[in-house]
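One structure is given here, and the rest of the page talks about it.
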Number of protein chains: 2
Amino acid sequence: MKFDDKVPIYYQIKQYIYREIIIEHLKPGQQIPAVRQLAVTLTVNVNTIQRALSELIDEDVLVSKRGKGNFVTEDTEVLKNLKKRTVEEQVSNLYDNLTALRISPDKMLTYLENYINSRKEANHD
Amino acid sequence: MKFDDKVPIYYQIKQYIYREIIIEHLKPGQQIPAVRQLAVTLTVNVNTIQRALSELIDEDVLVSKRGKGNFVTEDTEVLKNLKKRTVEEQVSNLYDNLTALRISPDKMLTYLENYINSRKEANHD
DNA sequence: AATAGTGTAATAGTTATCTAGTACACTGCA
DNA sequence: TGCAGTGTACTAGATAACTATTACACTATT
């Protein structure tokens, strides 16, 4: 997996697992891959995986069962909030950064619309 | 200044200066604050400021005149690209991250629109 | 010439992150 | 019971980023 060298890897792994859960590639109650397997898949050290997972466990997004594995929580409230929070973070991020560039909300929408259209055309290969 | 502890400070300072230039708080050809002054303003070490500035100089965004100071480039092409690139990075970032969450372009626009409206209302205090 | 203000360079010490390696603890199954 | 598969803990070393400090080089002004 390719990582942004400006952000800690363990942090990017957290984001990755958030995504996997949100798109239900990992479903509520499902066992996630073993730490040693994740380390291989993501080409990262086990300790780094563990660093990410232990934080996700603290956040009640994952549940650890010693000797068995790590599992996605079944708490629908936590999962609902996870998705909501993650999406909102992205949107507010764009809003804040473009506002700092003195770009009006109307222009933001236009820029996003234009970008979407450019991506559509790019796919017509 | 408040920094995100997940991203190197020197890198965030680069972004800060990009912003200052884009919104023309720092104008083409204008001298920017002295490194020691920036260090105080941003509550950061001079070396960290220097790390950021030297990269901006390498990128031809700033021009260094030894003994005199650092100045914003007057190369309008560079400045135009800087703005374009910075804005596009933000937009493509949102697009990519929300796409990874399986969110359709239509929904992206809706989310952004809703967020903008919620911010408008929040300001009606 | 001296000085104040500027950028630049270099060293040393601290902290966070990441890696490598080893060891230990629990679970389920043969 | 033994073993394979799981999570967990700990130590040690490497690297990047940041800080603190000192020193040096150039420019403009007095």
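Heavy atoms only: backbone and side chains are in, while hydrogens, waters and symmetry mates are out. So that the names make sense, note that chain A is the first sequence line, chain B the second, and so on, each numbered from 1.
The shortest side-chain heavy-atom distance between A/L56 and A/E59 falls under the 4.5 Å cut-off.
Straight-line distance from the CG atom of A/L62 to the C1' atom of D/dT8: 15 Å, rounded to whole Å. One atom, CG of A/D4, and another, P of C/dT17, lie 15 Å apart when rounded to the nearest Å. Nucleotide D/dC18 holds its P atom 11 Å from the NZ atom of A/K6, rounded to whole Å. Distance CD1 (B/I13) to C1' (D/dT19): 13 Å, rounded to an integer number of Å. Taking atom CD1 of A/I9 as the reference point, atom P of D/dA14 lies 18 Å away to the nearest angstrom. Atom CZ of A/R36 is separated from atom P of C/dC26 by 15 Å (rounded to the nearest Å). Distance, A/Q50 CD to D/dC10 P: 12 Å, rounded to whole Å. Separating the CD atom of A/Q12 from the P atom of C/dT17 is a distance of 13 Å, rounded to the nearest angstrom.
Close to D/dT8, at under 4.0 Å from its OP1 or OP2, lies no side-chain N or O of A/S54. Of the side-chain N and O atoms in B/T48, one or more sit less than 4.0 angstrom from OP1 or OP2 of D/dT19. Within the structure, a side-chain polar atom (N or O) of B/Y10 is placed less than 4.0 Å from OP1 or OP2 of D/dA17.
End-to-end axis angle of the helix from C/dA1-D/dT30 to C/dA30-D/dT1, using five pairs per end and rounding to 10°, comes to 0°.
Each of D/dT8, C/dA10, C/dT8 was ranked by its minimum atom distance to the side chain of B/N47; first place goes to C/dA10. Listed nucleotides D/dC18, C/dT8, D/dT6 differ in distance to A/A34; the shortest reach to its side chain belongs to D/dT6. Comparing D/dA20, C/dT19, C/dT6 by their closest approach to the side chain of B/Q31 singles out C/dT6. In this structure, of C/dG7, C/dT27, D/dC18, it is C/dT27 that holds the atom nearest to the side chain of A/K68. Among the nucleotides C/dT8, D/dG7, C/dA20, the one closest to any side-chain atom of A/R66 is D/dG7. Considering only the side chain of A/I57, D/dT8 comes nearest among C/dA20, D/dT8, D/dC18.
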Handout entry: Criterion side chain to side chain contact (heavy atoms under 4.5 Å, CB included) on B/I21 and B/L62, from CA distance to verdict
Key = CA-CA 10 Å; B/I21 293 176; B/L62 295 183; 4.2 Å; yes
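With salt bridges taken as basic N to acidic carboxylate O contacts below 4.0 Å, one links A/D96 and B/R119.
Heavy atoms of other residues, nucleotides or ligands lying less than 6.0 angstrom from CZ of B/R102 number 12 at most. Within 6.0 Å of the NZ atom in B/K14, the count of heavy atoms belonging to other residues, nucleotides or ligands exceeds 12. For NZ of B/K6, the number of neighbouring non-hydrogen atoms (other residues, nucleotides, ligands) closer than 6.0 Å is greater than 12.
Residue-to-nucleotide proximity on DNA chain D shows that, of A/G67 and A/S64, the 5′-proximal contact is made by A/G67.
Among the atoms of the strands shown, only primed sugar atoms or phosphate atoms (P, OP1, OP2) are found under 4.0 Å from some heavy atom of A/N70. Within the nucleic acid shown, A/R51 comes within 4.0 Å of sugar-phosphate atoms alone, with no base atom in reach, counting heavy atoms only.
The list of salt bridge (Lys or Arg N to Asp or Glu O under 4.0 Å) pairs with a residue in residues 19-29 of chain B, not counting sequence neighbours, is empty.
Here the straight-line distance linking atom CD1 of B/I57 with atom CG of B/N70 works out to 4.5 Å at 0.5 Å rounding.
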